[in-house]
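The structure under discussion appears below in the form of structure tokens.
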Number of protein chains: 2
Amino acid sequence: MRKNPIVQRETLGAAVLQVRSGRATSRTTLAKALGISPSTTGLYVDHLIAEKYLNESGLNQGPMGRPRRILSTQAEAGWFAGLEFNAQRIQAVGVDFSGSLKMTVELPLPADVLADQVIKSLLTCVAKLAETMQGPLLSVGLGVPGLVDAQAGIGLYYAFIPDWNQVPVADEIRSKLKVPVILQNNLRAIALAERWFGLGHGLNDYVILGPRSGFGIAMVQDGRVIEGSHHAAGEVGRWPWPLMEGAGEGKELHHALSAPATWRRLAGVDGLAKLPEDLRAGLAAFADSTGPEWEAVCGDYARVIGLLHMIIDTGVFILHGPLTMLGERFCQSITDAACALMPALREGGLKIVPSTLGDNAGALGAASLAMEAWSPA
Amino acid sequence: MRKNPIVQRETLGAAVLQVRSGRATSRTTLAKALGISPSTTGLYVDHLIAEKYLNESGLNQGPMGRPRRILSTQAEAGWFAGLEFNAQRIQAVGVDFSGSLKMTVELPLPADVLADQVIKSLLTCVAKLAETMQGPLLSVGLGVPGLVDAQAGIGLYYAFIPDWNQVPVADEIRSKLKVPVILQNNLRAIALAERWFGLGHGLNDYVILGPRSGFGIAMVQDGRVIEGSHHAAGEVGRWPWPLMEGAGEGKELHHALSAPATWRRLAGVDGLAKLPEDLRAGLAAFADSTGPEWEAVCGDYARVIGLLHMIIDTGVFILHGPLTMLGERFCQSITDAACALMPALREGGLKIVPSTLGDNAGALGAASLAMEAWSPA
DNA sequence: TTGGGTTTTTTCGCATTCGAATAAAAAGCC
DNA sequence: GGCTTTTTATTCGAATGCGAAAAAACCCAA
């Protein structure tokens, strides 16, 4: 038997993350992934197995040599809650310790909802999840709309909930549930969701395009989400647009590229026209569209994405939200238009792809937050 | 006496950096800055003093308690070379171990210079510096124009030196001088120069605006320079401009905002007009200018900076290069124009300042690279 | 079946790093 | 001047993490 006392909780958490993500499958690969020695890694793994967070699930014989003892996360060790909301609804997911989505809950919010009630409803969602999820709740991730101070756990501002100003959501929920609560902006949470549940698996640099009721982006550089000095990185929705004309009401990127605006432009109707009941379906109808409207929309997207690409020189743009219904062709049209407008992009390898995640990407991202933040007691 | 054997070279280097920058002035503050225990810090400092890299320069009595034993770097311990070049000239600086600029060398390059001769000339510059600098050369930093793979030490591409393609500059120079050689793009080196010699002292997030023969930016986020997946972050010069018109020859940001273009626009002459002999002086003449040309130039700058600000939400923009001759008022005009065009910026606290560094900022940045990379043998 | 080759895991001694306690150096205060 | 208070630096035992070497587990070939 080996010596027992180990303490670095943070490293234990990191080890679990590596195993859960599949980046590390054995003690040796885990050692490399964590950058610590194989001997120490052995101790950590022993500890985690003793505490029932990990287990050994068989052997993996390579072409030669002693086979690896495969490590995997113990699904029953507990679960993570991912909560995301906007002014209309809360979406919540329960994810087991292995990182598998087990349950989704959706809760509509009344019109003109206030911060207090949002928090209460968030707790309701967790309670609902807890009814079916196995084991203890380990931590909670929160995807919050608007400006967010992730470090402090405070929701700074959100236009569509009147009193959403300097709300210490994280503390409020932590005090009720007695588990760690981690906060992040909606869209930045989605960036994490891509890493854990979507296309961002092996990626270290990518940008999330989030056209919903407005237009914003989230950037991942070197594996880290960019926050900005004022927590406002990626808030490009208030770019004046079209750029060269003067500023004015309605002349912002929000009004040109949001999901409703995109539908209106494709449908060729003005701002007063009623939106379809189901916007996603409404958009899907245009998946095979052509013509000047299509060109115009793609052109605007191309311009914005082109500019972004030349600034931060990232690898991939992942399109999110309702507009994914427009499919691959939409992304391809944008790529083509961008390369036509900006010859420099041809070499740079511009790549735009629709996300494979659905409507609950935000909640999944919140769950990712929870997973990334957790470490054993 | 304490025990002697210490090995973590990297930590020793980091300790010297903290002392040199003035962030740490005593053993205790150094311990905090490095995130290691005071006891260990004591050992490291002893070692560095024994090796003549640091010394104790008196006491600093606080309001109470035992006074701090002030640590400082030993200027005579050696020196760093900072080299920067473009197609016209090399600039080189010698910086002593305390980080003080001691010497500058400038060497013009012949027209149509090739990579080989650039490298030879770089070595000539180092030799010239070595004649007067005291102590051993410790490391060399290189500010290279164009695309650069900093990690690999390779100059990838530069339009104005014909055979500047995949040049392993770092290795070539290292093999001659037998000291570490660190590479970085020109403008990104300037970003470091601001931190060590200029306005970026306490800053962790800022953007360098570099209008010279073209237009590019360098971004520092959380203390780290952003490189981009293809080493091309900040290469915004090929943005189509004016944005909404189609692409075309000469319709790029380069051609609107470069230093020569700015002069031409302010002077109201077309692209064929001859540039003044001394562009800096020529620009300085417009420092008190007004009128539609001034407005137009500031408007374009305002648009670009505004867009950038909303994307990466950084704290400060530092203007570099010849246009600093236009002074504070230029920056103020841009700020005003940006806030007029983009109401969102008013809250965000947009701040634009001219750099206090002169023409040798690139070389100083290269020297900063050298300092940051060095650690004792 | 036995022995070499290869890769993973563990053992074991060592030493760097830490923490708590101690010493040191000054100021203020009676 | 001695006392306490406060902050900085050092001492010293304890222990975490590392490296080298050994052990383990598997393949393959003779």
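So you know, we letter chains A, B, ... as the sequences are listed, proteins then strands, and number each from 1.
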Salt bridge (Lys or Arg N to Asp or Glu O under 4.0 Å): which pairs involve residues 368-377 of chain A, sequence neighbours left out?
Arg195(A)-Glu372(A)
Within the pair [X] and [N], is there a side-chain N or O less than 4.0 Å away from OP1 or OP2?
X	N	result
Thr40(B)	dC18(C)	yes
Arg27(A)	dA25(D)	no
Tyr44(B)	dT17(C)	yes
Ser26(B)	dA9(D)	yes

side-chain contact (heavy atoms from CB on, under 4.5 Å) against [X], all qualifying residues, sequence neighbours excluded:
X	answer
Ala370(B)	Phe80(B), Ser139(B)
Ala218(A)	Leu187(A), Arg188(A), Ala191(A), Ile208(A)
Ala81(B)	Trp79(B), Leu129(B), Leu137(B), Val140(B)

Please tabulate, one pair per line, all N/O donor-acceptor pairs under 3.5 Å involving side-chain atoms of residues 54-64 of chain A, not counting sequence neighbours.
from, atom 1, to, atom 2, distance (Å)
Asn55(A), OD1, Ser72(A), OG, 3.1
Asn55(A), ND2, Gln74(A), OE1, 2.9
Glu56(A), OE1, Arg69(A), NE, 3.4
Glu56(A), OE1, Arg69(A), NH2, 2.9
Glu56(A), OE2, Arg27(A), NH1, 2.6
Glu56(A), OE2, Arg27(A), NH2, 2.7
Glu56(A), OE2, Arg69(A), NE, 3.3
Glu56(A), OE2, Arg69(A), NH2, 3.1
Ser57(A), OG, Ser72(A), OG, 2.8
Gln61(A), NE2, Gly65(A), O, 2.9

If the condition is salt bridge (charged side-chain N to carboxylate O under 4.0 Å, His left out), which residues does Arg68(B) pass it with, not counting sequence neighbours?
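Counting only residues at least two positions away or on another chain, Arg68(B) forms no salt bridge (charged side-chain N to carboxylate O under 4.0 Å, His left out).
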How would you list, by chain and number, every residue that makes a salt bridge (charged side-chain N to carboxylate O under 4.0 Å, His left out) with Arg66(A), sequence neighbours excluded?
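Counting only residues at least two positions away or on another chain, Arg66(A) forms no salt bridge (charged side-chain N to carboxylate O under 4.0 Å, His left out).
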So if I take residues 48-63 of chain A and measure heavy-atom distances to DNA chain C, which residues fall below 4.0 Å?
none
Can you give me the N/O atom pairs linking the protein to nucleotides 3-7 of chain C at distances under 3.5 Å, or say none if there are none?
from, atom 1, to, atom 2, distance (Å)
dT7(C), O2, Arg66(A), N, 2.9

